[in-house]
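Here the structure is laid out as structure tokens; the discussion comes afterwards.
We number each residue from 1, following the sequence as shown.
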Amino acid sequence: MRRRLLSAALVLSAALCLPGLVACGEETTPGADTTPPASGTAAATEPAGERTSGTEAGAASASDPAEVDLSGKTIAVDPGHNGGNAAAPAKINRPVPDGRGGTKPCNTTGTSTNSDYPEADFTWAVAKKLRHSLEQAGATVVLSRKDNKGVGPCVDERGTFADDADLLVSIHANGSESSSVRGFHIIVADPGEDEKTEKASVSLAKSLGSAMGETFTPNQAYGKDAISRRPDLAGLNNASVPAVIVECGEMRNPAEAKLMESKSGQSKYAAALFDGIVDWF
């Protein structure tokens with residue numbers, strides 16, 4: 001793994017395309033439950049996705065972006081997958097460094113709801129709303145991709161594009177085969193780039209999980225904090241800054257799918273992520 005010192009002054013363009021950190025489909029067959037629950041636990045299966053009603057605004061958060069000062073902070077946001085991946089199998093299947101001395105496929109198509117709403121569309125919608133709130137609060141935001149029409153970027157680049165940021169949040173949704181599985185969970189690399197970065201990543205995961213838990217249901221199959229520690233996700237393995245993958249919910253669960261497909265639901269996901277980032281700082 002790389003050992004690099006970060007420079008806050010070096011900021012990548014907000015239009016930079018970064019290859020992705022993907023848990024829901026990064027290195028597995030789309031539609032499979034790609035993030036195994038913690039040993040000895042069962043997946044949450046109650047038919048609910050949203051814990052509280054929340055609000056409908058684009059920045060429907062406990063923290064008003066206009067009243068938060070994130071000046072001088074650089075946030076890397078990775079909307080998982082990309083809208084053009086399915087049309088380019090040769091490109092997304094080529095091997096790239098996995099951050100552990102091996103290789104992984106460049107990317108995958110991601111999962112979808114039972115009504116064929118793609119994960120890539122959901123992650124892009126939430127990322128745009130999150131970017132808006134972060135920029136309102138004064139932060140500089142760099143995205144891993146500039147639109148939802150392209151291919152990639154590959155999973156290694158979805159980690160390295162954040163080298164000059166303060167943190168990296170990769171947005172995804174899970175695709176368990178069972179429609180009864182529900183809830184969000186958050187993934188960190190195990191081990192991380194180094195001990196300091198690993199601890200900071202876990203701290204970031206806890207802040208995001210706490211904020212999301214105000215509105216959404218945590219999948220406690222991954223523990224009381226709904227945090228999964230994994231060594232096999234190339235995006236996280238290639239990140240040199242505190243980094244997490246947020247699996248916002250289960251796209252095959254009818255209640256959570258309905259929420260993910262709606263603009264109001266997407267706003268609530270973005271608001272929860274914003275609050276978690278603010279709390280971490």
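- A heavy-atom distance below 4.5 Å is found between the side chains of Val244 and Val169.
- Side-chain atoms of Trp124 and Leu143, non-hydrogen and from C-beta on, do get closer than 4.5 Å to each other.
- Between Leu208 and Leu273, some side-chain heavy-atom pair lies under the 4.5 Å cut-off.
- Connection of Phe216 to Ile227 is established within a shared hydrophobic cluster, with ILVMFWY side chains joined at heavy-atom distances below 4.5 Å, either directly or through further cluster members.
- A ring-centre distance under 6.0 Å is found for Phe122 and Tyr269.
- The NZ atom of Lys73 lies 8.0 Å from the CH2 atom of Trp280; values are rounded to the nearest 0.5 Å.
- With a 4.5 Å cut-off on side-chain heavy atoms, Ser112 and Tyr117 do not count as touching.
- The closest donor-acceptor contact from the side chain of Thr123 to the backbone of Ala120 lies under 3.5 Å.
- Here the straight-line distance linking atom CG of Leu70 with atom CD1 of Ile75 works out to 6.0 Å at 0.5 Å rounding.
- The minimum heavy-atom distance between Ser267 and Lys129, with the atom names listed, is OG-NZ, 3.4 Å.
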If you apply the rule salt bridge (charged side-chain N to carboxylate O under 4.0 Å, His left out), what do you find for Lys196 with Asp194, and how did you get there? CA-CA 6 Å; Lys196 181 179 179 181; Asp194 51 47; over 6 Å; no
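- With Arg252 as the fixed residue, the side chain to side chain contact (heavy atoms under 4.5 Å, CB included) test singles out one of Thr111, Thr113, Val181: Thr111.
- For the residue pair Ala162 and Ala76, the shortest heavy atom distance occurs at CB-CB, 3.5 Å.
- A pairwise comparison of heavy atoms in Arg145 and His81 identifies NE-O, 2.7 Å as the closest pair.
- Side-chain atoms of Asp190 never come within 3.5 Å of backbone atoms of Arg230 as a donor-acceptor pair (strictly under, hydrogens ignored).
- Contact record, Ala165 with Val241: O-CG1, 3.3 Å, taken as the closest heavy-atom pair.
- The heavy-atom pair separating Ala243 from Ala239 by the smallest distance is CB-CB, 3.8 Å.
- The main-chain N or O of Arg182 is never found under 3.5 Å from a side-chain atom of Glu256 such that the two would form a donor-acceptor pair.
- In this structure, the side chain of Glu198 does not engage the main chain of Pro191 through any donor-acceptor pair within 3.5 Å.
- Looking at Arg100 and Asn237, their side chains do bring a donor and an acceptor atom within 3.5 Å of each other.
- Rounded to the nearest 0.5 angstrom, Gln220 CD and His185 NE2 are separated by 13.5 Å.
- Side-chain atoms of Asn85 and Thr109 form no donor-acceptor pair, as typed in the model, at a separation below 3.5 Å.
- Taking 4.5 Å as the limit, some side-chain heavy atom of Thr197 sits within range of a side-chain heavy atom of Pro242.
- Expressed to the nearest 0.5 Å, how far CG of Leu236 lies from CG of Asp98 amounts to 12.0 Å.
- With respect to Ser240, the side chain to side chain donor-acceptor pair (under 3.5 Å) criterion is satisfied by exactly one of Asp163, Asp164, Thr160: Asp163.
- For the pair Ile171/Cys248, a side-chain contact is recorded, criterion being any heavy-atom separation below 4.5 Å from C-beta on.
- Atom CD of Glu261 sits about 9.5 Å away from atom CG of Asp116, to the nearest 0.5 Å.
- Taking the side chain as every heavy atom from C-beta outward, Asn107 and Asn82 never approach each other to under 4.5 Å.
- In this structure, a donor-acceptor pair under 3.5 Å is absent between the side chains of Ser178 and Ser176.
- The OG atom of Ser203 sits 10.5 Å away from the CG atom of Asp279 when rounded to the nearest 0.5 Å.
- Side chains of Leu134 and Val77 form a contact here, defined as non-hydrogen atoms less than 4.5 Å apart.
- Both Leu259 and Val246 belong to a single network of hydrophobic side chains, linked directly or stepwise wherever heavy atoms of I, L, V, M, F, W or Y lie under 4.5 Å apart.
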